[in-house]
Amino acid sequence: MIRDARVLQPEFVPRDIVHRTHEVNTLTAALEPVTNDIQGETTLLYGPSGTGKTCIARYVTEQLHEGVLDLNSQYVNCWEDYSRFKTLYRLLEGINRTMNVHRQSTPKDELLERLRDYEGAPYVVILDEVDQLEDKRVLYELNRTKDLTLILIANEEQELFEPLQPRLTSRLQTATRIEFDRYTTDELVEILKPRVRWGLPEDAIRVTQLELISEAVAGDARVGLEVLRVGARRASQRGLETISDEIIYDAAPKAKAEIRQRNVEILTTDQRILYDIITEHGKIPPSDLYKEYRDRTDDPKSDRMVRNYLSKMERYNLVRTEGENRGRTYHSVS
DNA sequence: CATCCACCGGAATCACGGGTTG
DNA sequence: CAACCCGTGATTCCGGTGGATG
């Protein structure tokens with residue numbers, strides 16, 4: 001049933017952006033100096049997930065490539081490359097300066113040096129999930145690097161700056177802020193329409209059903225697309241030509257579960273054990289959790305490490321915490 | 001009310017593996 | 001070859017917090 005799977009992928013960047021014109025224009029304006037070979041303004045895109053932050057950042061950068069002959073750009077997901085070293089390494093990759101940086105054992109700040117020594121075309125850098133960066137001082141360092149134009153993406157701007165000293169944030173505070181709100185039902189329908197047109201056969205799904213999806217996912221475009229994919233797969237499994245309401249009702253929770261499942265799959269064995277314990281209990285106080293974890297594994301990690309795992313899993317949206325200090329309990333997300 | 005202590009999370013330090021250097 | 005460097009995960013140590021206890 002799926003004609004073109006690519007357009008239903010969350011990382012697909014459409015040729016035309018519907019809505020978000022204000023955001024696109026603001027970002028384009030901030031990057032405008034790059035067309036004159038000058039460093040652009042640092043921008044900060046923030047808002048809930050599935051509101052088009054990454055998509056717009058990539059879209060505007062691609063447009064820039066079309067208008068400017070000489071331009072480098074690189075996308076870094078700080079969730080995957082969360083250490084200072086990995087982030088810097090990716091940035092060097094983007095300008096092919098990694099040779100001789102044999103991963104490790106190079107003098108301590110060789111990477112940043114190299115980045116700063118670079119004198120070439122303007123370099124536009126998208127740092128996604130930037131709040132996941134463990135050492136945020138690297139932002140300050142990058143912000144001070146000439147000819148580097150930063151696009152920072154985060155869920156909440158507050159969380160990003162909280163752990164930073166005021167001294168470090170001052171330079172970043174001047175960044176152009178672009179806030180992304182949740183899509184309304186109508187907006188999300190308009191976003192899904194062209195994807196359906198390219199990705200699915202004609203008449204596979206009606207507009208009223210797109211509305212159904214948009215409401216079910218509360219304006220989260222990523223989950224909305226996932227529902228479309230899951231729904232299309234279901235329909236073809238059942239040999240149907242169209243996606244029915246019933247399939248959508250069915251697919252909505254399934255889509256969310258699949259997104260979570262992908263995160264579960266990248267957990268380590270110890271993290272997985274913790275995850276299983278919490279899902280089995282539904283809700284469990286810390287001491288019981290630590291104890292049961294130790295029972296279930298031959299070579300348990302320290303409690304401190306368990307806490308690291310748990311906070312990581314919380315950021316992955318795999319577990320939820322309730323209460324502070326002594327009253328804390330860990331919950332599964334249902 | 002004072003004390004206790006379960007819990008969190010920052011910081012310093014260690015251990016290890018992969019890499020280079022001399 | 002040994003000696004050394006580096007990043008990363010893990011451990012150890014510990015101060016802060018605030019509900020529970022007497």
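Note on naming: letters A, B, ... go to the chains in the order of the sequence lines (proteins, then strands), and numbering restarts at 1 for each one.
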Calculate the interatomic distance between [X] atom [atom1] and [N] atom [atom2]; express it in whole Å.
X: A:Asp303; N: B:dG9; atom1: CG; atom2: C1'; result: 13 Å
X: A:Glu110; N: B:dT20; atom1: CD; atom2: P; result: 13 Å
X: A:Asn325; N: C:dG16; atom1: CG; atom2: C1'; result: 8 Å
X: A:Phe85; N: C:dT8; atom1: CZ; atom2: P; result: 6 Å
X: A:Arg84; N: C:dC6; atom1: CZ; atom2: C1'; result: 13 Å
X: A:Lys301; N: C:dG9; atom1: NZ; atom2: P; result: 12 Å
X: A:Glu324; N: C:dA20; atom1: CD; atom2: P; result: 14 Å
X: A:Met305; N: C:dC13; atom1: CE; atom2: C1'; result: 16 Å

For A:Lys283 and A:Asp288, run salt bridge (charged side-chain N to carboxylate O under 4.0 Å, His left out): C-alpha distance rounded to whole Å, both residues' side-chain angles, the deciding distance at 0.1 Å, then the answer.
-> CA-CA 10 Å; A:Lys283 162 186 171 182; A:Asp288 293 0; over 6 Å; no
Take the C1' atoms of the five end pairs on each side of the helix from B:dC1-C:dG22 to B:dG22-C:dC1, derive the two axes, and give their angle rounded to 10 degrees.
-> 20°
Heavy atoms of other groups near A:Arg296 CZ, more than 12 under 6.0 Å | yes
May I ask you to check whether over 12 heavy atoms, not counting those of A:Arg238, lie within 6.0 Å of atom CZ?
-> yes
Of the nucleotides C:dG7, B:dC8, C:dA20, which has the atom closest to the A:Arg326 side chain?
-> C:dA20
When you get a sec, tell me which of C:dT8, B:dG9, C:dA10 is the closest nucleotide to the side chain of A:Arg307?
-> B:dG9
Within the side chain of A:Tyr118, is there an N or O that forms a donor-acceptor pair under 3.5 Å with the backbone of A:Ala121?
-> yes
Spell out, as yes or no, whether a donor-acceptor pair under 3.5 Å connects the side chain of A:Thr149 to the backbone of A:Gln39.
-> no
Compare side-chain N and O positions of A:Tyr82 against OP1 and OP2 of C:dG9 and report whether any pair is under 4.0 Å apart.
-> yes
Phosphate oxygens OP1/OP2 of C:dA10: is one of them under 4.0 Å from a side-chain N or O of A:Tyr309?
-> yes
Is the shortest distance from a Lys or Arg side-chain nitrogen in A:Glu190 or A:Lys193 to a carboxylate oxygen in the other one below 4.0 Å?
-> yes
Name the nucleic acid region contacted by A:Ser83, choosing base, sugar-phosphate or nothing; use a 4.0 angstrom heavy-atom cut-off, strictly under.
-> sugar-phosphate
Would you mind classifying the nucleic acid contact of A:Arg328 as base, sugar-phosphate or nothing, using non-hydrogen atoms under 4.0 angstrom?
-> sugar-phosphate
For A:Arg272 and A:Asp276, run salt bridge (charged side-chain N to carboxylate O under 4.0 Å, His left out): C-alpha distance rounded to whole Å, both residues' side-chain angles, the deciding distance at 0.1 Å, then the answer.
-> CA-CA 6 Å; A:Arg272 185 59 192 267; A:Asp276 288 343; 3.4 Å; yes
Heavy-atom nearest nucleotide on DNA chain B taken for A:Arg304 and for A:Ser287; more 5' hit belongs to A:Ser287
